[in-house]
Amino acid sequence: MEISKLAGLVGERVRLTGWLYNKRGSKKLAFLEVRDGTGVVQCTVAQADVPDATWQAAAEVTQESALEVEGEVRAHPRRASEVELGVTSLRVTAPSVEYPISPKEHGTDFLMDHRHLWLRSRRQHAILGVRHSIVRAIRDFFDTRGFTLVDAPIFTPNACEGTSTLFETEYHGDTAYLTQSGQLYMEAAAAALGKVYCFGPTFRAEKSKTRRHLAEFWMVEPEVAFLDLDGDMQLAEDLLCAIVARVLDARRTELALLERDLAPLERVQGPFPRISYRQAIDVLREAGHDAKFGDDLGADEETLVSQRFDRPVIVHRYPSEAKAFYMKRDPTAPELALCMDVLAPEGYGEIIGGGQREDDLAALEARIDAHHLPRAAFDWYLDLRRYGSFPHAGFGLGVERTVAWLCGLPHVRETIPFPRMLNRLAP
RNA sequence: UCCAGCGUAGCUCAGUCGGUAGAGCAGGCGGCUGUUAACCGCCGGGUCCCUGGUUCGAGUCCAGGCGCUGGAGCCA
């Protein structure tokens, strides 16, 4: 029987399998907190009610030992909403000797060294549950809107935004890189299937050491044929609303355990404010910041802008100068790119980046040259402009940043089961 | 790569003015019939990150190194 299903079984005899989460007790009474992955339940052993062997097992069982326990489900005498198990039989099936993670506090580095065990804690359990719901919400959102999932390759032959940020590897005598975006492949797929998305791991070799960066993270990247920037922003807004609504609906318990304030999440409803980069610069100047046109928005600037709004804000039309070669320029203002970022509230920053793609062959060729990229490597990509070029747009959503935001976590490292960071490749 | 902080028991930390090492948790033993990171008593447990320097004497001060953490840049 699963612990999550015990609530409706008061009065019934059940058998559980799981691990000892924590233990308290006295001479004649033991309280075993047992977890099985679905939940945690207090199992009470009274010396007077069980055979000597069972009492002995209860007295000696250590934290995280695997065990089998039988007993009667009954109301918790102290906590009205909970049940407990009155134990009749207990068997330790595999002992756990000196479990490293004690019930007291630990430092992050120690916990990360024991990440494989840390995952067993209530808090990590809650975070991974929220992550799972976010992934499900993303898939459901696209699948019910007629999108086709198209997996992008992990090995790629070339850089799409410069090689310094890519992990390099040997590939049968050639150099290959680990993908930093599936976008270029999604553009090809959009020409085949209209509305597509990829969802997979992405790799960045930048030596970033911040609470927002991982070397390996998961990204969902939709790409839609015949969609413009306005449609792209609407798609991003709809997606975020769907994700937040799903998590609020399905993960109340987990959010409560994480002590997440729900009010800011409940405000995440369309329409999101949309401001241009130029307006964002004005906002910064009003706030006393000496920003000028052409400056990139750093982390502090993003926070300042997003603090002006009570929900995610979309910033669009950045100067094309600093943007990737594939971004289409605004026909009414060539110094601007038809791109957009979505900034999450509460200081969580950029969670989406995207925009409309350059669909003019000559313009794209010129941009590739201007960025000193090898044109031959992009020949297949240019084919998409040679054979029935089409306006199209898309974006990338960072899953870990979204998990951190919805869970209210200060750092992305707990949002992924086994984080890969500048100084962490293990476990 | 740059800036800042930290490094003491298995873990989390304290350690005053430079005088020779301390608490809680974890582990062991004992006590307690309703505990909630249970509690109470006792016990064992140290390469004070490393190297060098100053000093009669360094966990403490100085220099260099290593490691970790946070931030910047870059981005999702």
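Chain letters run A, B, ... following the sequence lines, proteins first, then strands; residues in each count from 1.
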Contacts of A/P410 and A/R79 projected onto RNA chain B by closest heavy atom; the upstream (5') one is A/R79
*For RNA chain B, whose closest nucleotide is more 5', that of A/D341 or that of A/Q63?*
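The 5'-side residue here is A/Q63.
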Should the side chain of [X] and the base of [N] be counted as holding a donor-acceptor pair, with the cut-off at 3.5 Å?
X: A/E33; N: B/rU36; value: no
X: A/R212; N: B/rG70; value: no
X: A/H106; N: B/rC11; value: no
X: A/S208; N: B/rC74; value: yes
X: A/R401; N: B/rC75; value: yes
X: A/H76; N: B/rU35; value: yes

Please measure how far the [atom1] atom in [N] lies from the corresponding atom in [M], and state the result in whole Å.
N: B/rC39; M: B/rU35; atom1: P; value: 13 Å
N: B/rU69; M: B/rU12; atom1: C1'; value: 15 Å
N: B/rC11; M: B/rG27; atom1: P; value: 15 Å
N: B/rA26; M: B/rG10; atom1: C1'; value: 7 Å
N: B/rU16; M: B/rG41; atom1: C1'; value: 31 Å
N: B/rC48; M: B/rA14; atom1: C1'; value: 13 Å
N: B/rC13; M: B/rC40; atom1: C1'; value: 23 Å
N: B/rG7; M: B/rG15; atom1: P; value: 10 Å

Taking any strand in view, what nucleotide pairs with [N] in a Watson-Crick or G-U wobble way, both distances under 3.5 Å?
N: B/rA23; value: B/rU12
N: B/rC61; value: B/rG53
N: B/rC32; value: none
N: B/rC68; value: B/rG5
N: B/rG45; value: none

Do NZ/NE/NH1/NH2 and the carboxylate oxygens of [X] and [Y] come within less than 4.0 Å?
X: A/R123; Y: A/E254; result: no
X: A/E33; Y: A/K23; result: no
X: A/R260; Y: A/E346; result: yes
X: A/R274; Y: A/D230; result: no

Return the value, rounded to whole Å, for the distance between atom [atom1] of [X] and atom [atom2] of [N].
X: A/Y318; N: B/rC75; atom1: OH; atom2: C1'; result: 12 Å
X: A/Y326; N: B/rC75; atom1: OH; atom2: C1'; result: 11 Å
X: A/L422; N: B/rU69; atom1: CG; atom2: P; result: 9 Å
X: A/I101; N: B/rG27; atom1: CD1; atom2: P; result: 14 Å
X: A/E60; N: B/rG27; atom1: CD; atom2: C1'; result: 15 Å
X: A/F167; N: B/rC74; atom1: CZ; atom2: P; result: 19 Å
X: A/D109; N: B/rG10; atom1: CG; atom2: P; result: 16 Å
X: A/Q180; N: B/rC75; atom1: CD; atom2: P; result: 10 Å

All heavy atoms of A/P312 vs all of A/V342, minimum pair found to be CB-CG1, 4.0 Å
message: Which heavy atom of A/R122 sits nearest to which heavy atom of A/Y21, and what is that distance?
response: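 Closest pair (atom of A/R122, atom of A/Y21, distance): N-OH, 3.0 Å.
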Is [X] touching bases, backbone alone, or none of the nucleic acid, heavy atoms closer than 4.0 Å?
X: A/L214; value: base
X: A/Q47; value: nothing
X: A/E84; value: base
X: A/I351; value: sugar-phosphate
X: A/F217; value: base
X: A/R74; value: base
X: A/G25; value: base
X: A/P100; value: nothing
X: A/R424; value: nothing

- Query: Would a distance-only check, ignoring hydrogens and angles, find a side-chain to backbone donor-acceptor pair under 3.5 Å from A/R317 to A/D330?
  - Reply: no
So CZ of A/F167 and CD1 of A/I154: to nearest 0.5 Å the spacing works out to 13.0 Å
For [N] and [X] - does any side-chain N or O of the residue sit under 4.0 Å from the phosphate oxygens OP1/OP2?
X: A/R24; N: B/rA38; value: yes
X: A/N22; N: B/rU35; value: no
X: A/K207; N: B/rU1; value: no

Ignoring the backbone of [X], work out which of [options] is nearest its side chain.
X: A/F31; options: B/rC74, B/rG70, B/rG34; answer: B/rG34
X: A/K28; options: B/rG34, B/rU33, B/rA76; answer: B/rU33
X: A/L29; options: B/rC75, B/rG34, B/rG73; answer: B/rG34
X: A/K209; options: B/rG70, B/rC74, B/rC32; answer: B/rG70

Ring pair (Phe, Tyr, Trp, His ring centres under 6.0 Å) pairs, two or more places apart, involving residues 84-115 of chain A
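Passing the test, one end in residues 84-115 of chain A: A/H106-A/F110, A/F110-A/H114.
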